[in-house]
Every structure is written in C-alpha cells, then in structure tokens.
Amino acid sequence: MKYSRSLIRTLKEEPKEAETKGHRLLLRGGFIKQLAAGIHSYLPLGWRIILRISQIIREEMERIGAQELLLPAISPRNIWEESGRWQEFGDDMFRLKDRKGRDYCLCPTHEEIITEIARAKIKSYRDLPQIWFQIQTKFRDERRPRFGVIRSRQFIMKDSYSLDIDEAGLDHNYALHEEAYRRIFKRCGLEFEVVEASGGLMGGGESKEFIARIDGGEALIAHCTRCNFQADTEAVLGKGEFFTGEDSPISEVATPQQRTVEEVSDYLDVSRKNLVKSIFFTAPDKPPILILLRGDYEVNENIIKAKFGFSYNPASPEEIVKFFNAEPGFIGPVGIKDITIYADDLLKGTRGMITGANKNGYHIRGLNIDRDIKVSEFLNLRKVKSGDRCTKCGGKLELYQGLELGQIFKLGTKYSAKLDATFLDEKGQLRPIIMGSYGIGLERIMACACEQKADESGIVWPISIAPFEVYLLILNPEEPMIKKVADEITQSLTHSHFSIIIDDRDLSAGIKFNDSELLGIPMRVTIGPRGVKENRFDIYIRETKKTISCSRAQIVEECVRIKQELYRRLNV
RNA sequence: CGGGGCGUGGCGCAGUGGUUUAGCGCGCAUGGUUCGGGACCAUGAGGUCGUGGGUUCAAAUCCCACCGCCCCGACCA
C-alpha cells in the first residue's frame, strides 16, 4: 500500500473529544472516526487491525471445534418476549418498527436467536455437543457511551454458544473457551487477568471475566493479597468486619439539612459505620422493598436485581416522599409496616445505630436492629471495598481498575427452558439443552493494545495485530535512483509475504518519521540517499526502539528475523 | 436520567452588541528554494459562526427553545 494513495490522515493536534490515551491515539492516527456518540467508522487502518484480530479469534475458535455462522442483527420481538428480555433490557435495547407496525430490536446479544436455531435443528443427544460462533455487530443503547470505542453503542463482538446434554459437557466447553480466550488475548499481545464474575443480565451460573489492568477502567476487581483470588466487585462477596454501637433507648435527634451519610456522621461526630442507610427500591411489576446497609458500604445493585428481579431500581425522590412522607436522606426503617425490609448481614445484631426518622430534618439514635424493626432477611447486599476480607482465605482484598475484554458464562437451561429448546436423551426423555455463552469485544482488544503498549511517540502495535508489518520510509522519493531501490526492496519484502506501507510522500523527513512512530508499525526500513550510496540501510524496531543497520541484500532476512523475534515475545 | 462544560473553514483555537472582506496556527492548492527527525518564501481556495425563534437601527456576540458533542455518577464486550 502506498501512503500517498491511502486514506491515512494523521492529526498533529489532539482531538478535543478524546480523553484517554488510547482513544486519542486511535483518532490521531486516523484508525477510527466518530460519527455520533458511541458510534464509529473504522477507517482502513483501523479495519485492518479488526480483521487481523478476527483472524486470530477464528483460528482459536476453530481449534476448539467451533463452527462459524452469521446471525441477523435485527430480530422480531417474539423470541425476546419468550425469554423475558424484551422487558429486562429496558432502555439499553434499540427498538424499531417495520412498515406494518411490528416490533423489532437491533440485537444487543444473540442467545435468543441461537436458542431458536437450536430448538429447530437439535433433536437428539446424538446432535450434541455443538459450539457455534459469529463475529458480528451488536447494538446497545448505553446510558453513557465513553472512552471512544471502549464503551460504544455499536460494537463488534465475537460471541459463541455451546450446546450440551449435561453439566459435564458444559464444564468441558466452558474450560475449552477459557483456554481459547487465554490464547487469543496472548496472541494479541495483551496482558490480562482472569477473574470470577457475576452473570448479570446474561443470567445463569458460573462466569469469568478477562480483564486488562488499566487505570480508569470501568471494572473494579478485588484481588486477595494472600491467596491471589480475583473477582469482579460486582460479584465477589467479601467479608466485612462487624461493628456495633452501644445499646441505648431509641430517641430522635435534630439533623437539619444533614442528608448524606457523610453529612450526618460529621454533624453527630460518629463513625460512618454507626449509620444505617436506607435505600428504597421499586419495580413496576413488584412490591417495593427497603434495603438497609451500614453507612460505610454501597449497595450492590447486581445482587438486588439477581435476587429480587431485574426490574428493581432505586426509587425516585417523588416515590420516596409518597411512601415515607419524608425526603431522601431522612427515611428509615422504624415504624415501616407495608414494605418488606432486607438488611445487609453486617447489620445483624447491631445496636445503638443511627438512621433516618421518616421526618424531615431528623434522625433516630439508638436503633437496635433486633428490637426495633422487623427485617425479613439478612443477606450480603453490599459492594466489596478495599480492606475487606477474602471469603476463601480471610486475606486482605485490594481493588484495582480494569477493562473487560471478554466474559464467559455458564447459562445452563435459562434460555433453552424458556424457549423450549429440547432434545431426546438416550432413554427417550425430553430434556432442555445445557448452554454456555461466551463473548469478546474486538474493538476493546484494539483499544487495549493502545492503552497498554503506547509510548510518548505513539502506538506500538503487537506484530500479530499490526495493520502493516513494515513501514518503508522513502526519503527523496522523486529521485529516480532511490525510487528504483525502493521498488526492488518492496518487491523482495512482498515476496517474503510482508505487509508493507510505503511512505512515498514528498514531505520532509521528520513528518514521515513521526508518522511511522505514531502509527505504531512494528518495523521501519528507511531508504534514502545515504543508504543507497553506502549500501547501508536502517531497520528500526518500534517496540524496542533499536536500530539495526544492514546491507541491501540483508534487509529481507533481517526483517524475517525481527518478525520471528517479535512473535516469540508474545510467548504463545 | 441528574450534575458540569462546549458547539466559529478539515483540525486546534481567538473574537462575547457597531471599523463595510469574521481572524490566527496547522492542514489544503499552485509555483519556487529545500530535503536522514514535524523546513522556508510567495500566491490562493475554503466559513449561511449547531438549528429555530425572539430582542435591537444593528446579533457569532443578548434572551428563549431545541439539537449535538465531551466530562463526572447506579452497567457490560
């Protein structure tokens, strides 16, 4: 590819919409272009990277026996009604109507469609197991798209689905996927961790996430410093330390304008642990519930939704006033009759606590949980925080931020049961298919490589996913002698199957050197008058910043050697 | 959805009631000099100042509404 004929347009100045390093570099290098919030075009350079990532994924999926297919991106409403997710997805789902007014969605994921195929095609235990995968665009109307391509509303995902006759089969396919995913991310040159996760809206049982450690990443991972156990804080149930106040009679205390845990604990000069905060959850189709948590913890909404239903959300201020006759910040569990109360298990048996009085400007002191209120169940409802104890070994948990590259789920029969995807077993019994679901975000691999590998001069693409392997930088490209040498070197590199971007632009040298580094092409061969005259050519390795000089005859073999070395570093 | 910020040639910005052609840097075009790390000179093209209303003799500038984008907060690839 000749640079002069290409659609590569680098930007000298930083695009103002970009916040993270990786996003800035992808925009500056002209890999992507934003069309609207969370919606991007992949320009030729960016698309080449996506294609190379796709190829690695295909190879690894085929290695575990998966078959590629392609499902529609648009789906009629009925199968989503059958699974219940037409409601569960809520505003995250893009919806549209056809000319006859029938409802459709742009698929946010494909479990329903896979299950629909399975119920038509899979009839016998002899048809199983199966693994099906696709690489396709997904649509999710995220409440807040951000970080460029990392959290977007249209994105490319490799999703695969395993179909089995029993749990043992699922365990096997789940393990195969974990292994395939490890190989994929390694081959793409990424550093990552595998952590325990929660099923979320996908549902079902066991789940793992593949997380790249990145500051500012959206996932918060708890890591045990003793036994090395790692889990997403959305899922992990760490142990907290018990705390209780002094036993005392209940009494009201004026706390004018003091609403938040911070304000009340400062105003009354007590620890945050001494407060009980009340979070009111409502759902359109279910009775409201009141959640109690100690003041120093946050509610884990994942647990609430999984336990009580996905339609539950924190109530609006209007709803709170309606049910409690007090404003947010002053509500509490004392004297509540018609609302079921669930409390975090750290509150069990606590005395002398402080909570809202259901009266504006007042709190209650001396709350004794067992004596004063009726808790229907004590559960772990809190988010883990730094310093909590590991549930496995009791070691201290530390938290770090990460980017989720992929996730694997054991679905079980969640979808097959609802959509009636069954098979006849060897005894002639009708049984639901046991399913697993597995996803990888392709753009996230690209973005993650940028975040992890870039330096002050630009991107450093791992050789395995680089848009080109060699950047042929030609100085004085109009000079006939140089042009001739460059053509010959291009030919011999092409014969050795290198992908090459030839910078034949008639620009000053600095621009070309800087662009080659910004674009992150692994190797750069410079062809200029000096080299041609002295038969000495420089090969610059982007990753190590080392330059190797060699004669013209040695260029190809040097490049081959460097390429092998770069692949070896991926350590697959 | 709540809070904060921003919309002016392709990109980054200045101009915040009144010099008839709305500026600057980069980029782009043409010619020339350069040419191993973002060169220089000359000439030139390109903008209904996000959209729609309103106020005014006069609006990029003031007011209202809407749209869009970015950032911070309850989700996921």
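Chain A is the first sequence line, chain B the second, and so forth, proteins listed ahead of strands; every chain is numbered from 1.
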Between Glu193(A) and Arg213(A), is any pair of side-chain heavy atoms under 4.5 Å apart?
->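 When only atoms from C-beta onward are counted, Arg213(A) and Glu193(A) do touch, with a gap below 4.5 Å.
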
Under 3.5 Å on both distances, the Watson-Crick or G-U partner of [N]:
{"N": "G2(B)", "value": "C72(B)"}
{"N": "U61(B)", "value": "none"}
{"N": "G47(B)", "value": "none"}
{"N": "A39(B)", "value": "U33(B)"}
{"N": "G7(B)", "value": "C67(B)"}
{"N": "C13(B)", "value": "G23(B)"}

Distance, rounded to the nearest Å, where [X] contributes [atom1] and [N] contributes [atom2]:
{"X": "Asn300(A)", "N": "C75(B)", "atom1": "CG", "atom2": "P", "value": "8 Å"}
{"X": "Arg143(A)", "N": "C75(B)", "atom1": "CZ", "atom2": "P", "value": "6 Å"}
{"X": "Asp141(A)", "N": "C1(B)", "atom1": "CG", "atom2": "C1'", "value": "12 Å"}
{"X": "Phe155(A)", "N": "C75(B)", "atom1": "CZ", "atom2": "P", "value": "17 Å"}
{"X": "Leu473(A)", "N": "C35(B)", "atom1": "CG", "atom2": "P", "value": "17 Å"}
{"X": "Asn514(A)", "N": "G38(B)", "atom1": "CG", "atom2": "P", "value": "8 Å"}
{"X": "Arg536(A)", "N": "G36(B)", "atom1": "CZ", "atom2": "C1'", "value": "11 Å"}

Any idea how Phe185(A) and Phe210(A) line up, ring-wise: parallel (<30°), tilted (30 to 60°), or perpendicular (>60°)?
->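 Rings of Phe185(A) and Phe210(A): tilted, 30 to 60°.
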
Could you check whether the rings of Phe89(A) and Trp80(A) sit parallel, tilted or perpendicular, using 30° and 60° as the cut-offs?
->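 Ring orientation of Phe89(A) relative to Trp80(A): perpendicular.
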
Whole-angstrom distance between [N] and [M], as gauged at atom [atom1]:
{"N": "C66(B)", "M": "G17(B)", "atom1": "C1'", "answer": "24 Å"}
{"N": "G31(B)", "M": "C11(B)", "atom1": "P", "answer": "27 Å"}
{"N": "G47(B)", "M": "G10(B)", "atom1": "C1'", "answer": "12 Å"}
{"N": "G15(B)", "M": "G9(B)", "atom1": "P", "answer": "16 Å"}
{"N": "C57(B)", "M": "U30(B)", "atom1": "C1'", "answer": "45 Å"}
{"N": "G5(B)", "M": "G50(B)", "atom1": "C1'", "answer": "16 Å"}
{"N": "C40(B)", "M": "U34(B)", "atom1": "C1'", "answer": "8 Å"}
{"N": "C71(B)", "M": "U48(B)", "atom1": "C1'", "answer": "31 Å"}

Nucleotide nearest [X] (side chain, heavy atoms from C-beta), chosen from [options]:
{"X": "Asp92(A)", "options": "C26(B), C76(B), C75(B)", "result": "C75(B)"}
{"X": "Ala509(A)", "options": "G36(B), C76(B), G38(B)", "result": "G36(B)"}
{"X": "Asn476(A)", "options": "C11(B), G36(B), C35(B)", "result": "C35(B)"}
{"X": "Asp506(A)", "options": "G38(B), C35(B), A77(B)", "result": "C35(B)"}
{"X": "Ser152(A)", "options": "G38(B), A77(B), G25(B)", "result": "A77(B)"}
{"X": "Lys12(A)", "options": "A77(B), C26(B), C76(B)", "result": "C26(B)"}
{"X": "Glu17(A)", "options": "C69(B), G37(B), C75(B)", "result": "C69(B)"}

Evaluate the salt bridge (Lys or Arg N to Asp or Glu O under 4.0 Å) criterion for residues Lys453(A) and Glu543(A): first the C-alpha distance (whole Å), next the side-chain angles of each, then the deciding distance (0.1 Å), finally the verdict.
-> CA-CA 8 Å; Lys453(A) 309 289 171 196; Glu543(A) 186 178 326; over 6 Å; no

I'd like a list of close polar pairs between nucleotides 2-8 of chain B and the protein, N/O only, cut-off under 3.5 Å.
none

Would you check, one step at a time, whether the test salt bridge (Lys or Arg N to Asp or Glu O under 4.0 Å) holds for Lys414(A) with Glu111(A)?
-> CA-CA 10 Å; Lys414(A) 174 170 175 180; Glu111(A) 282 79 9; over 6 Å; no

N/O (side chain, Arg146(A)) to phosphate O (OP1/OP2, G73(B)) under 4.0 Å =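 For G73(B), OP1/OP2 do have a side-chain N/O of Arg146(A) under 4.0 Å.
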
Regarding [X], tell me which of base, sugar-phosphate or nothing describes its non-hydrogen contacts under 4.0 Å with the strands shown.
{"X": "Arg524(A)", "result": "base"}
{"X": "Glu534(A)", "result": "nothing"}
{"X": "Gly406(A)", "result": "sugar-phosphate"}
{"X": "Leu405(A)", "result": "sugar-phosphate"}
{"X": "Asp538(A)", "result": "base"}
{"X": "Glu404(A)", "result": "base"}
{"X": "Glu14(A)", "result": "sugar-phosphate"}
{"X": "Glu218(A)", "result": "base"}

Atom NZ of Lys483(A): over 12 foreign heavy atoms under 6.0 Å =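 No.
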
Face-to-face contact Phe513(A) to G38(B) six-ring, under 5.5 Å, under 30° =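 Aromatic stack with G38(B) absent for Phe513(A).
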
Among residues 27-43 of chain A, which residues get a heavy atom nearer than 4.0 Å to RNA chain B?
->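 By residue number: Arg28(A), Gln34(A), Ala36(A), Ala37(A).
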
Look at the side chain of Glu517(A) and the base of G37(B), then say whether one donor and one acceptor between them are separated by less than 3.5 Å.
->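 Such a pair exists between side chain and base.
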
Among all residues two or more places apart in sequence or in another chain, which pass the side chain to side chain donor-acceptor pair (under 3.5 Å) test with Glu404(A)?
->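 Not a single residue meets the side chain to side chain donor-acceptor pair (under 3.5 Å) criterion with Glu404(A).
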
Name the residue closer to the 5' end of RNA chain B, choosing between Arg530(A) and Arg151(A) according to the nucleotide with the nearest heavy atom.
->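 Taking each residue's closest nucleotide, the earlier one in sequence belongs to Arg530(A).
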
Considering heavy-atom distances to RNA chain B, does Pro15(A) or Gly441(A) have its closest nucleotide positioned more toward the 5' end?
->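 Its nearest nucleotide lies further toward 5', so the answer is Pro15(A).
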
Asp344(A) vs Lys383(A), salt bridge (Lys or Arg N to Asp or Glu O under 4.0 Å): CA-CA, chis, key distance, verdict | CA-CA 10 Å; Asp344(A) 184 75; Lys383(A) 275 192 186 169; over 6 Å; no

Please confirm whether Arg48(A) makes a cation-pi placement over Phe468(A), using NZ or CZ under 6.0 Å from the six-membered ring centre and within 45° of the ring normal.
->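 Verdict for Phe468(A): a cation-pi partner in Arg48(A).
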
Just by distance, no angles: are the side chains of [X] and [Y] close enough, under 3.5 Å, to form a donor-acceptor pair?
{"X": "Ser4(A)", "Y": "Asp504(A)", "answer": "yes"}
{"X": "Tyr312(A)", "Y": "Lys307(A)", "answer": "no"}
{"X": "Tyr438(A)", "Y": "Ser162(A)", "answer": "yes"}

Do Tyr342(A) and Phe308(A) pass the ring pair (Phe, Tyr, Trp, His ring centres under 6.0 Å) test, and can you show the C-alpha distance, the side-chain angles, and the key distance before you say yes or no?
-> CA-CA 11 Å; Tyr342(A) 297 94; Phe308(A) 303 110; 4.4 Å; yes

Phe280(A)/Phe324(A) aromatic ring centres below 6.0 Å =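 Yes, ring centres under 6.0 Å apart.
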
